[in-house]
Amino acid sequence: CKILKCNSEFWSTTSNSHHHTGAEDSVEFCTALRTYAHCTRRTARYCRGDLAYHSAVHGIDDLMSQHNCSKDGPTSQPRVRTPPPWDSQERSDSPEICHYEKNFHRHSATPNYTHCGLFGD
Amino acid sequence: PHLRTFTDTFQTCKIQGAWPLIDNNYLNVQVTNTPVHPGSTATATSKITIIFKNFQECVDQKVYQAEMDELPAAFVDGSKNGGDKSGANSLKIIEKVSGQHIEIQAKYIGTTIVVRQVGRYLTFAVRMPEEVVNAVEDKENQGLYLCLQGCPQNQQIDFRTFHSQTPETGSRRHGTGSNGSSFTPQMAGAKCKEKLPVEDLYFQSCVFDLLTTGDVNFTLAAYYAFEDVKVLHSNKDKLHLYERTTFGSGTAAPQS
């Protein structure tokens, strides 16, 4: 579960902005919140039952409501990050969530695979 | 068609018309089966539709469709990957043999799908993690889908009934055309043994298909189905199956 990464990215983004008083700041804050929400959704599969995760999800809803943020709207551009060694053969912008096996391996043992086939008459 | 389910049960089914093979949070696969001869209860797959559902920042919803004599190496929108999202390349179509064999790799769900056209008809094979197989919103009300539950009892064909008949009555019973009576069981067995030396259920399916249709392309269909199992199945000790799944009333089917 990588909810702390989402938390730190959100706080890092918002701590650089001003005090959220003007309309422009509000737009920026909503954008940061949507990005935060997006990040939590990515972690949902592995964070189920994690207190920090559920707190974050509720906190985001509250903040969105307080700031009248729309759930649909622009999000922040993803940050450029140094890809870990196992990503060296993949597109650098391909999110980790899009690699089932790499994701799975970090959280559990080797996945069990099943097979199904249909052929003939 | 012959169905090998996620739990390695093996059935021969009628399933004429459209039937779901897979239906979960990520993927929906539907096949359409048509009679191999007019009026025949023996059917084969003439159309396959695969819907990859929209998934986070990986893929947009993508639809793949193959029909008889049309096995494209692209989704219906003409694209070959998951769209415009940052993880779009975690879904891609690879053309193995033009018009005959494609592979779809869905890395974001750890899934590989193989679709072939052998003769006039289509074959389907998939390798999928159990976690994905079981990813359904409402498991209690999960509808029928063949890869998980197998064919309904009233759709299963009893091999024993077929094999107990002479080739001539067999072909009349199954309503096949003149080709249907061109093979005796001995001839069909010999033909199938050329491609499938082990007398497992793939071999038996091959014999069944030759006797019901007289179409030698079904020999290749069984052969490639087994080739796909060899590549996609995770347990190499379970490639060959010998025991047919028990029958409708609960009576055991004959062993090979």
Side-chain angles (χ1 to χ4, degrees), chain A residues 2-3 5-6 9 34-48 57 71-81 83-84 86-121, chain B residues 1-8 12 21-22 31 36 42-45 55-59 82 85-90 106-111 116 118 121-133 146-148 205-206 208-209 212-213 215 218 221-222 224-225 228-229 232-234:
Chain A
K2 294 188 171 177
I3 190 63
K5 185 167 172 283
C6 298
E9 281 179 358
R34 281 190 291 268
T35 306
Y36 190 15
H38 200 60
C39 186
T40 60
R41 282 199 292 276
R42 283 205 308 263
T43 68
R45 186 196 289 183
Y46 298 108
C47 288
R48 186 175 294 176
V57 170
K71 287 193 173 177
D72 299 317
T75 53
S76 311
Q77 287 296 313
R79 290 165 175 226
V80 177
R81 63 179 176 86
W86 55 76
D87 274 347
S88 58
Q89 299 299 314
E90 303 292 342
R91 277 174 54 159
S92 59
D93 58 348
S94 191
E96 288 175 17
I97 193 80
C98 303
H99 297 275
Y100 178 83
E101 286 168 22
K102 288 168 189 167
N103 252 321
F104 199 93
H105 276 293
R106 267 180 253 161
H107 298 90
S108 179
T110 310
N112 292 323
Y113 286 95
T114 58
H115 164 272
C116 173
L118 186 76
F119 68 97
D121 94 80
Chain B
H2 310 285
L3 172 72
R4 179 172 180 160
T5 70
F6 284 135
T7 51
D8 287 326
T12 298
L21 274 188
I22 297 172
V31 293
V36 290
T43 68
T45 303
F55 181 70
Q56 299 190 6
E57 65 264 49
C58 305
V59 299
K85 294 181 176 177
S86 56
N89 280 348
S90 61
K107 279 189 181 177
Y108 65 104
I109 47 173
T111 296
R116 297 177 186 267
V118 187
Y121 298 102
L122 303 170
T123 71
F124 171 88
V126 62
R127 171 186 168 91
M128 185 181 281
E130 277 180 5
E131 186 190 40
V132 175
V133 169
L146 304 183
C147 275
L148 193 64
S205 300
C206 171
F208 178 91
D209 289 357
T212 49
T213 67
D215 182 351
F218 284 116
Y224 284 123
D228 290 337
V229 170
L232 300 175
H233 204 290
S234 56

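Both backbone and side-chain heavy atoms feed into the values below; hydrogens, waters and symmetry mates do not. All chains are named by letter (A, B, ...) in the order of the sequence lines, taking the proteins before the strands, and each is independently numbered beginning at 1.
- In the model, A/His115 has no side-chain atom that pairs as donor or acceptor with a side-chain atom of B/Asp228 under 3.5 Å.
- When heavy atoms are compared at a cutoff of 4.5 Å, B/Tyr224 does not approach chain A at all.
- When all heavy atoms are compared, the tightest approach of B/Thr5 to B/Leu146 is CG2-O, 3.7 Å.
- Looking at B/Ile22, there are no atoms closer than 4.5 Å to chain A (heavy atoms on both sides), in backbone or side chain.
- Heavy atoms closer than 4.5 Å to chain A are found in the backbone of B/Ile109, but not in its side chain.
- Contacts between B/Glu130 and chain A at a heavy-atom distance below 4.5 Å involve backbone atoms as well as side-chain atoms.
- Using modelled atom types, one finds no donor on one side chain facing an acceptor on the other under 3.5 Å when comparing B/Tyr108 with B/Gln56.
- Interface summary for chain A: among B/Gly82, B/Cys206, B/Ala225, the most heavy-atom pairs under 4.5 angstrom belong to B/Ala225.
- The greatest number of non-hydrogen atom pairs below 4.5 Å with chain A, out of B/Leu21, B/Val229, B/Leu232, B/Leu122, is found for B/Val229.
- A pairwise comparison of heavy atoms in B/Phe6 and A/Cys116 identifies CE2-CB, 3.6 Å as the closest pair.
- Proximity to chain A (any heavy atom under 4.5 Å) is restricted, for B/Val31, to the side chain, taken from C-beta onward.
- Only the side chain of B/Val133 comes within less than 4.5 Å of a heavy atom in chain A; its backbone stays farther off.
- Taking both residues in full, the closest heavy atoms of B/Lys85 and B/Val59 are given as NZ-O, 3.3 Å, listed atom of the first, atom of the second, then distance.
- Contact annotation for B/Tyr121: neither backbone nor side-chain heavy atoms come within less than 4.5 Å of a heavy atom of chain A.
- Closest approach of B/His2 to A/Asp121, counting heavy atoms only: NE2-O, 3.3 Å.
- Heavy-atom minimum distance, A/Cys98 versus B/Ser90: O-CB, 3.3 Å.
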